[in-house]
Amino acid sequence: MAKAQFHKYQKVWVEAVGAWATIEKIIPAWTKGFDEPVKITYDVGLGREFRAEELRPDDAVDSVLAPDGAAWRLMRARNKWQAPEECAHHPFPGTFPVVVTDANDWGGWRTPGAEYDRDPEKIEWQARLIASAPQLLKLAQELTASVGEQPEDAPPELLRLAKAAAAVVRTVTDGPAT
């Protein structure tokens with residue numbers, strides 16, 4: 001059985017070409033009688049499909065961990081309530097996004113099937129946003145710390161952004177203001 005090692009929109013190094021690319025499409029190969037795909041290839045917009053062994057993730061992006069030390073990532077789960085041909089309008093027919101927030105590939109975020117079927121593009125966007133949350137939090141913390149070191153030297157627009165980032169960081173770390 002095969003599991004996706006990369007997710008859509010992830011930046012990867014393509015060994016065979018020697019260039020950076022972005023995963024445009026994950027292509028699972030299903031075989032009758034199996035619950036999971038037997039092979040997964042990736043379309044990175046370079047004219048052919050690549051196997052996971054031919055790709056390497058961008059370490060800078062993958063190195064950001066959540067405060068609890070887990071690497072949040074986007075995975076695909078098999079759609080058990082519809083056959084792939086019934087949901088051909090979905091971005092990835094036969095699957096739906098799951099954001100995994102635990103090292104053991106469980107725990108995290110998923111959406112009900114009926115909600116995904118109603119607006120799959122919206123749910124895909126939400127999944128990418130949630131999976132990126134630790135990176136966005138770190139960016140907000142770094143912006144706040146950078147401007148906080150010498151606020152008198154920062155331009156007014158950067159001060160405004162740093163204050164907004166600090167408010168987001170406080171909401172995440174302390175909970176919403178009451």
Enter the distance from Asp43:CG to Ile26:CD1 here, rounded to the nearest 0.5 Å. 10.5 Å
With a 4.5 Å heavy-atom cut-off, do Thr31 and Lys39 have their side chains touching? no
If we only count heavy atoms from C-beta on, is the Phe50 to Val44 side-chain gap below 4.5 Å? yes
Side chains of Val169 and Thr171: does their closest heavy-atom pair fall under 4.5 Å? no
Treating Ile, Leu, Val, Met, Phe, Trp and Tyr as nodes and any side-chain heavy-atom pair under 4.5 angstrom as an edge, say whether Ile40 and Val14 lie in one connected cluster. yes
Rounded to the nearest 0.5 Å, what's the gap from CD1 on Ile130 to CH2 on Trp72? Could you check? 8.0 Å
According to salt bridge (charged side-chain N to carboxylate O under 4.0 Å, His left out), does anything in residues 121-131 pair up with another residue at least two apart or in another chain? List the pairs. Arg76-Glu124
Closest contact, heavy atoms only, Pro93 versus Cys87: CB-O, 3.6 Å
Does the side chain of Gln10 reach to within under 4.5 Å of the side chain of Pro57, using non-hydrogen atoms? yes
Heavy-atom pair with the smallest gap, counting every atom of Leu74 and Pro97: CD1-CB, 3.7 Å
So CD of Glu86 and CG of Asp117: to nearest 0.5 Å the spacing works out to 9.5 Å
With heavy-atom distances below 4.5 Å as the criterion, would you say the side chains of Leu143 and Leu158 are in contact? yes
Quick test of your reading: applying ring-ring contact (aromatic ring centres under 6.0 Å, His included), list the pairs with at least one residue in residues 120-173, sequence neighbours left out, ordered by first then second residue. none
For Ala162 against Thr144, the heavy-atom pair lying closest together: O-OG1, 3.7 Å
Selection residues 147-166 - residue pairs positive for salt bridge (charged side-chain N to carboxylate O under 4.0 Å, His left out), sequence neighbours left out: Glu157-Arg160
Quick one: does Ser146's side chain have a donor or acceptor within less than 3.5 Å of a partner on Glu142's backbone? no
Just how far is it from atom OG1 of Thr41 to atom CZ of Arg51, taken to the nearest 0.5 Å? 10.0 Å
Hydrophobic clusters here meaning ILVMFWY residues chained together by side-chain heavy-atom distances under 4.5 Å, can you tell me if Val147 and Val168 are in one? no
Hey, is Glu54 close enough to Arg48 for a salt bridge, meaning N to O under 4.0 Å? yes
Spatial distance of atom CD (Gln5) from atom CD1 (Ile23) [nearest 0.5 Å]: 10.5 Å
Within a strict 4.5 Å, meaning less than it, do heavy atoms of the Leu55 and Phe6 side chains meet? yes
Spacing of Lys25 atom NZ and Tyr42 atom OH [to the nearest 0.5 Å]: 14.0 Å
Identify whether Trp81 and Val98 are in the same connected component of the hydrophobic contact network (ILVMFWY, side-chain heavy atoms under 4.5 Å). yes
Indicate yes or no: at least one non-hydrogen side-chain atom of Thr22 is less than 4.5 angstrom from one of Val12. no
Taking the basic N atoms (NZ, or NE/NH1/NH2) and the acidic carboxylate oxygens, is any pair closer than 4.0 Å for Glu15 and Arg56? yes
When the aromatic ring centroids of Phe96 and His90 are compared, is their separation below 6.0 Å? no
